[in-house]
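To keep things clear, I will list the structure first and then write my remarks on it.
First the proteins, then the strands, lettered A, B, ... as listed; each starts at 1.
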Protein chains: 2
Amino acid sequence: MPELVPATPQLLRRVSAGAVLEFMRASAAVTVTDVMAATGLTRATTIAVCEDLVRRRWIVELENQREFGGYQKGRPARRFELNERAGVVLGMDIGYSKVTVVVSDLRGTTLGRSSRPFQAKDVGSGERIAFIDAVAAAALRSAGMDPGQVLAVCAGVAAPVDRHGDVVATQEFWGLFDLGLRPALKATRGWTVLLENDANLAALGDRWQGAAAGIDDVVVILASERLGSGIMEGGRLVHGTRGSAGELAYLDLVEGVGDTYGIAHLARTWAAEALAASAPTTLRAFGPGRVEAEQVFSAAAEGDAVALGILERLADRMARVVGTVATMLNPELVVIGGGVADSAGVLLAPITERLKEYTATPARVAVSPLGDSIVTVGAVRCALDYVERNSLDLELAAPTPADG
Amino acid sequence: MPELVPATPQLLRRVSAGAVLEFMRASAAVTVTDVMAATGLTRATTIAVCEDLVRRRWIVELENQREFGGYQKGRPARRFELNERAGVVLGMDIGYSKVTVVVSDLRGTTLGRSSRPFQAKDVGSGERIAFIDAVAAAALRSAGMDPGQVLAVCAGVAAPVDRHGDVVATQEFWGLFDLGLRPALKATRGWTVLLENDANLAALGDRWQGAAAGIDDVVVILASERLGSGIMEGGRLVHGTRGSAGELAYLDLVEGVGDTYGIAHLARTWAAEALAASAPTTLRAFGPGRVEAEQVFSAAAEGDAVALGILERLADRMARVVGTVATMLNPELVVIGGGVADSAGVLLAPITERLKEYTATPARVAVSPLGDSIVTVGAVRCALDYVERNSLDLELAAPTPADG
DNA sequence: GAAGTAAATTTAGACTCAATATAAATATAG
DNA sequence: CTATATTTATATTGAGTCTAAATTTACTTC
């Protein structure tokens, strides 16, 4: 799809303004001279563009010019800064049984959040939209923000989403996630909602604030209950034609794996098996009900043989998973993420060790520090990306009286 | 890497010229009115741009205006056309034991070619460059073209190549392909040489003129002697961080596969095994030496039970290969290509059938019609892409006296 | 208050494209 | 053969953008 807009002189100003805004987003308060150096524009043009952007409220001019940077000779420079308060974005994690909404400013700083459990049996019901809307309203309230300030929303769902943001119902189950959320929130709130697969958002999130910071070729494996992955290649998400790229169902055919259960699930299952087989283990103290994954990890840390055996098996399994993915896609880094990542750090060394058996040039492996919030962090990043791409076309809400 | 060039008025002309040229490339002889409709520019601008491009020899103005398009009212329109003779590109396939060079005009029409066997033992020797240069010279001669007319060269090698065109010597063997071809041909010929992995070029080639025409998400599996694949996602090649994306070594771990031998290799091997086991088969007629893959395929076509059994095994194996790749990457189409593709058509139905067992939503499978030339076709496409991206910066050779 | 310095502003010039008006070339009707 | 309609080509004007150079402004330091 080539751009159909003909080249007009106004296009130049757009390009210039985009370059200036991009630089401002990556910097704190800057002078016109700074912008000139970064963009290559002349002073006259830079000033014109900045005043344009101030008028459109994407940046603000600071008053107390000399307070920055200590003594300086010559006429004091005007200073400009990104207007973080131009609006907010929402990042949503829409899980089977829980909805989380995070409010973020344009720099990515979290201003508020809200999280509420949801009855899994009502996953596909119409009430779901109202529920999500209510969680969003609560999150905005906790941030002291108005629904009118929302510039973009990104929601992560556990279903395939193609690159146009449509849920692809390849199986009936996925259809439950095609909630009609986008038209509904557009109509009632005026919000632009982007949908994305949760593992893909995990990849976006971890590349932004996690272990993969700044790495262009990375695979993030969500590994808690079920295995799923998000693939970034050359700094872009890989979606596939119907949004299911990163699906790991092929593991059914991989020796030593055979299914797509995640680390937390298997740790529980194998712990239960050990108890049933009357193996001597300190895990028994947590029984006779369900033994949680974290309990297995801490028992292993205490030297429990059964727990250590489970970790061994998990590490070998994950090495096979990482090995197959990394061979096919050649990422610079493979990240293991999700709620279980908080305790899965001890798996890192054995996974790395075993990986050598399965690949000729092993990829680097890391565990994400983002834990459970990896999806919402990615959703915020996705929404911010949208705003940054489209900022010159977006309408900002009128300033509230307090803003002056 | 943001563009560091500041927005200047000249940039506008560049954008306009790029849009006009892009349209011209996709069309035959066009009038200014056609260009206006396609680009949205005004008549005055369009004419100025066209005359610019004529002056720079990227397009030509036709003389016999009225001969096109039959009767038309009004003042006859000037007609412009892409100057196919502005230059040529070379597409090279640098194999272990053979070098092939194709000469193509800017529309992609093959003007000449040359192919010569090479002693495999000298693969890494310095003479290799001279050999390749000689094959290129022969190809140019057969096309009646001058080395000075070459605008770009793309060479496919059987080694990982990263997205910057550097051979990554992850194993010693690959290092043999880092011939220093690029600096050498730049110095002696002034040619810009792009290096690319052969399977990646196969993907480019098949998407251009093969079974995947126009499909943005496709995996092409080169399947003759060894299995390797090229991945396109969203219309771009997936390289990975060190160029080895598409590597299929993970198949060692896949049940029912276990290695990365290709169809031709396995057909030969299994045929030999059957002969050694004294199985009753018409294949014996081709022995006692080596039985070729094509002979197995034709024996199967005649109803030979042993040959049919081999096809059965091949189909199941390829279904597992396709299934794992397609699950992970979700392409719209998986193409089987390479020399063996000419006879592998009969495998298509059984592969498609068995694929249902291995994936929930099976990808479409096809066999490439490009056969052995799939790599050179892709190399030509790769070189043309380069020329099209950079045409406004490239210097064209001075017109020969005959050109006027 | 004068000197020094860096930022801001002004001015001139070049280039782009759009819009409008005018001219040229052809077909068709009478 | 002439008048008219149709289509394309060219010229003119005006607005918007940028650069570059000269000029003015604002502040610090001595």
Side-chain angles (χ1 to χ4, degrees), chain A residues 3-21 29-56 59 61-81 392, chain B residues 3-21 23 29-56 59 61-80 392:
Chain A
E3 309 202 350
L4 285 174
V5 287
T8 77
Q10 288 82 344
L11 181 65
L12 280 186
R13 174 50 63 93
R14 256 189 94 87
V15 173
S16 299
V20 171
L21 202 48
V30 294
T31 67
V32 172
T33 307
D34 296 334
V35 178
M36 287 168 62
T39 61
L41 297 169
T42 58
R43 173 160 257 110
T45 304
T46 306
I47 290 177
V49 168
C50 285
E51 291 182 343
D52 238 38
L53 289 172
V54 168
R55 203 174 317 116
R56 301 168 69 178
I59 67 177
E61 183 167 0
L62 302 178
E63 295 299 324
N64 43 359
Q65 308 167 331
R66 272 289 152 94
E67 285 182 15
F68 299 85
Y71 162 71
Q72 280 171 329
K73 289 184 274 195
R75 176 170 175 172
R78 300 161 71 177
R79 283 177 184 267
F80 297 90
E81 194 179 43
L392 295 176
Chain B
E3 310 201 350
L4 285 173
V5 287
T8 75
Q10 290 84 337
L11 181 65
L12 279 186
R13 172 52 63 93
R14 255 188 95 86
V15 172
S16 298
V20 171
L21 200 49
F23 173 66
V30 294
T31 67
V32 171
T33 306
D34 296 334
V35 178
M36 288 168 62
T39 61
L41 297 170
T42 57
R43 173 157 259 117
T45 304
T46 306
I47 289 175
V49 168
C50 285
E51 291 182 344
D52 238 37
L53 290 172
V54 168
R55 203 172 319 116
R56 301 169 68 178
I59 65 177
E61 182 167 0
L62 303 177
E63 295 300 325
N64 42 358
Q65 309 166 332
R66 272 291 149 90
E67 287 184 14
F68 299 85
Y71 161 73
Q72 276 171 331
K73 287 186 277 196
R75 177 170 174 171
R78 299 160 71 178
R79 285 180 181 266
F80 297 90
L392 295 175

Using side chain to side chain donor-acceptor pair (under 3.5 Å) as the criterion, list what pairs up with A/Ser16, not counting sequence neighbours.
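With sequence neighbours excluded, A/Ser16 shows a side chain to side chain donor-acceptor pair (under 3.5 Å) to no residue whatsoever.
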Could you pull out all residues at least two apart from B/Thr46 that satisfy side chain to side chain donor-acceptor pair (under 3.5 Å)?
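Here no residue qualifies.
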Can you check each nucleotide of nucleotides 2-9 of chain C against protein heavy atoms at under 4.0 Å and return B for base, S for sugar-phosphate only, - for none, in 5' to 3' order?
---BBBBB
Judged by atom type as modelled, is there a donor-acceptor pair below 3.5 Å linking the side chain of A/Thr45 to the main-chain atoms of A/Leu41?
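Between the backbone of A/Leu41 and the side chain of A/Thr45 there is no qualifying donor-acceptor contact (under 3.5 Å).
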Taking the basic N atoms (NZ, or NE/NH1/NH2) and the acidic carboxylate oxygens, is any pair closer than 4.0 Å for A/Glu61 and A/Arg78?
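A/Arg78 and A/Glu61: salt-bridged.
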Over how many whole Å does the gap from [X] atom [atom1] to [N] atom [atom2] extend?
X       : N      : atom1 : atom2 : answer
A/Met36 : D/dA20 : CE    : P     : 10 Å
A/Asp52 : D/dG16 : CG    : P     : 12 Å
B/Arg14 : C/dC17 : CZ    : P     : 13 Å

Rounded to the nearest 0.5 Å, what's the gap from CD1 on A/Ile59 to CG on A/Asp52? Could you check?
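If I round to the nearest 0.5 Å, the distance is 9.5 Å.
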Less than 4.0 angstrom between a side-chain N/O of B/Ser16 and OP1 or OP2 of C/dC17, yes or no?
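So the side-chain polar atoms of B/Ser16 do come within 4.0 Å of the phosphate oxygens OP1 or OP2 of C/dC17, strictly under.
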Kindly say if B/Thr8 contacts the phosphate of D/dT17, meaning a side-chain N or O under 4.0 Å from OP1 or OP2.
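No, B/Thr8 has no side-chain N/O under 4.0 Å of OP1/OP2 on D/dT17.
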With sugar-phosphate meaning primed atoms plus P, OP1 and OP2, does B/Ala7 contact a base, only sugar-phosphate, or nothing at under 4.0 Å between heavy atoms?
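Counting heavy atoms under 4.0 Å across all strands, the contact made by B/Ala7 is with sugar-phosphate only.
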Please output the side-chain donor-acceptor pairs of residues 5-13 of chain B that fall under 3.5 Å, not counting sequence neighbours, one pair per line with the distance.
from, atom 1, to, atom 2, distance (Å)
B/Thr8, OG1, B/Gln10, N, 3.3
B/Thr8, OG1, B/Gln10, OE1, 3.1
B/Thr8, OG1, B/Leu11, N, 3.4

Would you call B/Val35 and B/Val49 a side-chain contact if the rule is heavy atoms closer than 4.5 Å?
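The answer is no; the side chains never approach within 4.5 Å.
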Under the rule for salt bridge (Lys or Arg N to Asp or Glu O under 4.0 Å), what residues qualify as partners of B/Arg43, not counting sequence neighbours?
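Partners of B/Arg43 by the salt bridge (Lys or Arg N to Asp or Glu O under 4.0 Å) criterion come out as none, since no residue qualifies.
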All N/O contacts under 3.5 Å from nucleotides 12-15 of chain C to the protein, with atom names and distances to one decimal?
none

